[in-house]
Colleague: 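Got a structure for you, questions after.
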Amino acid sequence: MSAIPLYTPLLFTLLFMTHSASANEIRFSNQTQAAGIEYINICGGKEKQYVLEAHGSGAAFFDSDNDGDLDLYITNGSTFATLKDQSGPGNAFYEQTEPGLFRDGSIASHTAHAGWGTGIAVGDINNDGLRDMYVSNYGANVLYINQGKNVFFDGTPQARVAGDQFSASAAFFDYDNDGDLDLYVTNYVVFDAENRPRSPKLCSFYGGLQVYCGPKGLIGAPDILYQNNDDGTFLDVTETSGISSANRYYGLGVVPEDYNADGLLDLFVANDETPNVLFHNEGDGTFKDIALLAGVAYNADGDTEAGMGVDFADYDNDGDPDLYVTHFFSETNTLYRNEEGQRFTDATTTAGLAGPTIDLMGWGTRFFDYNNDGLFDLFVANGHVYPQVDEINTGSPYRQPNQLFANMGRGRFQQITSGNALDTEHVSRGSAFGDYDNDGDWDIFVVNLDDKATLMRNDGGNKSNWLYVRLVGTEDTRDGVGALIEIDGGPNKQWRRVHGSGSYLSHSDLRAHFGLGAQQRVGSVKITWRTGSVQTVRDIPANHLLVVHQDGSHEVLPLQ
């Protein structure tokens, strides 16, 4: 790691003021209605008497039909009255038909599942160039196989990945480096909706409020790891891989990352009120939980926290990926700084992220460069789980604003308060990220509990230059999932891992996005593929899409 320069207090203040002023020129505007998105989330009753009713749903930005723009899939919940006969509101698939406009294609796409949806993972499981969807539910999960032209079929029976538990986040990743996507599914608690108590037992919360009980006191549902057999089927390797060693925790968030740069994808699992898990990939088909030794099982005080949303990215540009986990109110979210792949240090307070998050409850989250300055900024979607908190002053309301933290450099963040769509108060849950209008900056889609969703368009982030990189694998997975992209150019050297997982219950744009500041060209783009091959492309103009094929060719294209 490079030495940190010393600054006088005056210069330090001026740097913060300058960055803050330019950051506030960028707005996020609510484009939900204008974009044609009419989805409304339903998740149980308004009073939230059971744990199932509070955890919400997620969304996915991905290019379903290979036309160069992002389509959108949103899971939806149900009620106990509609769950049994699958007559709930149903999940929603929106095809982007022209720039910035979406059309509801849920029925035509055969993806309007009307169970109790929770999360979604996206990946091309058969390497046919079409991205498939894995939808997690309370109950049996569903694998939708993409047939092209925004039509899917249910491939779950053949694939044998239904699970049939209370599932949360899922992630596609190639853990054995064989060129196809494997699947990890987090499961939360054992909950029987059919035999739930009609007069639910309530537990005491802050100030004596009576709220639903759980997850403490409930049995944790075991997570599952599926290995891709490369023939349309998957094999449950939970036991043989060692994943089952930590399988009675309350799993909510998951993100794969090669945290120690050994060429193998590891897994971090955020657990609710139980220790987090960092599964180190041993390279022989097995994993070992090293979270305690690595310093990410607990917070700096040695306490378990309510892990929900999660993301890995190199916020300090030192070449190794750092970790962010969202939590319950009064706990603060936690930023773990990667110390050269050996261990992690709780950097929450020194980064300026403790105070702004302690009174809020975080869910979906993502590191992304919202202003194209070459530094990873940070978004958090917030919202409480107990509607009853508004009855007394708990210090944390039910509806909460989301948060955007600008990366100030030198390991520090500063919250951006903008008076626009970011500050609108909702009970937010899953969040997906991507450039849906193809203008060079990333936008945000947030699913709000029992409410309309929010599509937040980034207005002004593209005033600085940018570069997108999309991979086309041959020996690797078709989208190059898990490959590491390094650019040398712009304000600083930058790294991006190709993966759409993380956040909470959601999937984000697979195109790697780099902010370049004032830089007009990128000296080199280096790709390290999962199967070990390395490829370098040189002298790329800014404000373009670079498409790199593993066979050695590449294209420089405008965004469509």
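Bear in mind the structure is a predicted one, so any value in this text is a computation, not a measurement.
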Colleague: So, for S57 and G117, which heavy atoms are closest and what is the spacing to 0.1 Å?
Modeller: OG-O, 3.4 Å

Colleague: For the residue pair L252 and G307, what are the closest heavy atoms and their distance?
Modeller: CD1-O, 3.5 Å

Colleague: Salt bridge between R511 and D435, side-chain N to carboxylate O under 4.0 Å?
Modeller: no

Colleague: Which residue is it: Y370, F379, Y504, F61? I am looking for the one with a ring pair (Phe, Tyr, Trp, His ring centres under 6.0 Å) to F433.
Modeller: F379

Colleague: Taking the six-membered ring for Trp, are F368 and W442 parallel (under 30°), tilted (30 to 60°) or perpendicular (over 60°)?
Modeller: parallel

Colleague: Return each pair, listed once, that meets ring-ring contact (aromatic ring centres under 6.0 Å, His included) where at least one residue sits in residues 106-131; pairs must be two or more places apart or across chains.
Modeller: F80-W116

Colleague: I'd like to check the salt bridge (charged side-chain N to carboxylate O under 4.0 Å, His left out) partners of D451; sequence neighbours left out, ordered by chain and number.
Modeller: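 Testing D451 for salt bridge (charged side-chain N to carboxylate O under 4.0 Å, His left out), a comparison that skips the adjacent residues, returns R399.
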
Colleague: Is there a donor-acceptor contact under 3.5 Å from the side chain of N372 to the main chain of G440?
Modeller: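 The answer is yes, because a donor-acceptor pair under 3.5 Å joins these two groups.
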
Colleague: Please check: side-chain N/O of D443 versus main-chain N/O of N458, any donor-acceptor pairing under 3.5 Å?
Modeller: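 Between the backbone of N458 and the side chain of D443 there is a qualifying donor-acceptor contact (under 3.5 Å).
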
Colleague: Is it true that R521 and D539 have a side-chain N and a carboxylate O under 4.0 angstrom from each other?
Modeller: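 A salt bridge is present here (some side-chain N lies under 4.0 Å from a carboxylate O).
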
Colleague: Atom CG of D132 and atom CG of D124: how far apart are they, to the nearest 0.5 Å?
Modeller: 5.5 Å

Colleague: Could you tell me if S431 and S503 have a donor-acceptor pair between their side chains, going purely by distance under 3.5 Å?
Modeller: yes

Colleague: Would you call the rings of F102 and Y94 parallel, tilted or perpendicular, where under 30° means parallel and over 60° means perpendicular?
Modeller: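 F102 vs Y94 ring planes: perpendicular.
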
Colleague: Could you state the interatomic distance from OH (Y259) to CG (L264), rounded to the nearest 0.5 Å?
Modeller: 10.5 Å

Colleague: Are side-chain heavy atoms of F514 and V522 found at a separation under 4.5 Å?
Modeller: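 Of all side-chain heavy-atom pairs linking V522 with F514, none is under 4.5 Å.
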
Colleague: Counting only heavy atoms from other residues, nucleotides and ligands, does the tally under 6.0 Å from CD of Q147 exceed 12?
Modeller: yes

Colleague: Which one of H554, R470, Q535, E555 satisfies the side chain to side chain donor-acceptor pair (under 3.5 Å) criterion with H549?
Modeller: E555

Colleague: Pairing donors with acceptors under 3.5 angstrom, does anything connect the side chains of T531 and D476?
Modeller: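 Present: a donor and an acceptor within the cut-off.
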
Colleague: Ignoring hydrogens and angles, tell me if any N or O in the side chain of N146 forms a donor-acceptor pair with the backbone of L130 under 3.5 Å.
Modeller: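 No; judged by distance alone, with no hydrogens or angles, the pair does not exist.
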
Colleague: For residues Q415 and P356, report the shortest heavy-atom separation together with the two atoms involved.
Modeller: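 What the structure gives for the nearest pair is OE1-CB, 3.5 Å.
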
Colleague: Hey, is the main chain of Y315 close enough, under 3.5 Å, to the side chain of N407 for a donor-acceptor pair?
Modeller: yes

Colleague: Which word best sums up how the rings of F367 and Y324 line up, parallel for under 30°, tilted for 30 to 60°, or perpendicular for over 60°?
Modeller: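 Judged by the thresholds at 30° and 60°, the geometry between F367 and Y324 is perpendicular.
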
Colleague: Once you round to the nearest 0.5 Å, how far does CG of D258 lie from CZ of R530?
Modeller: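 The distance works out to 6.0 Å.
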
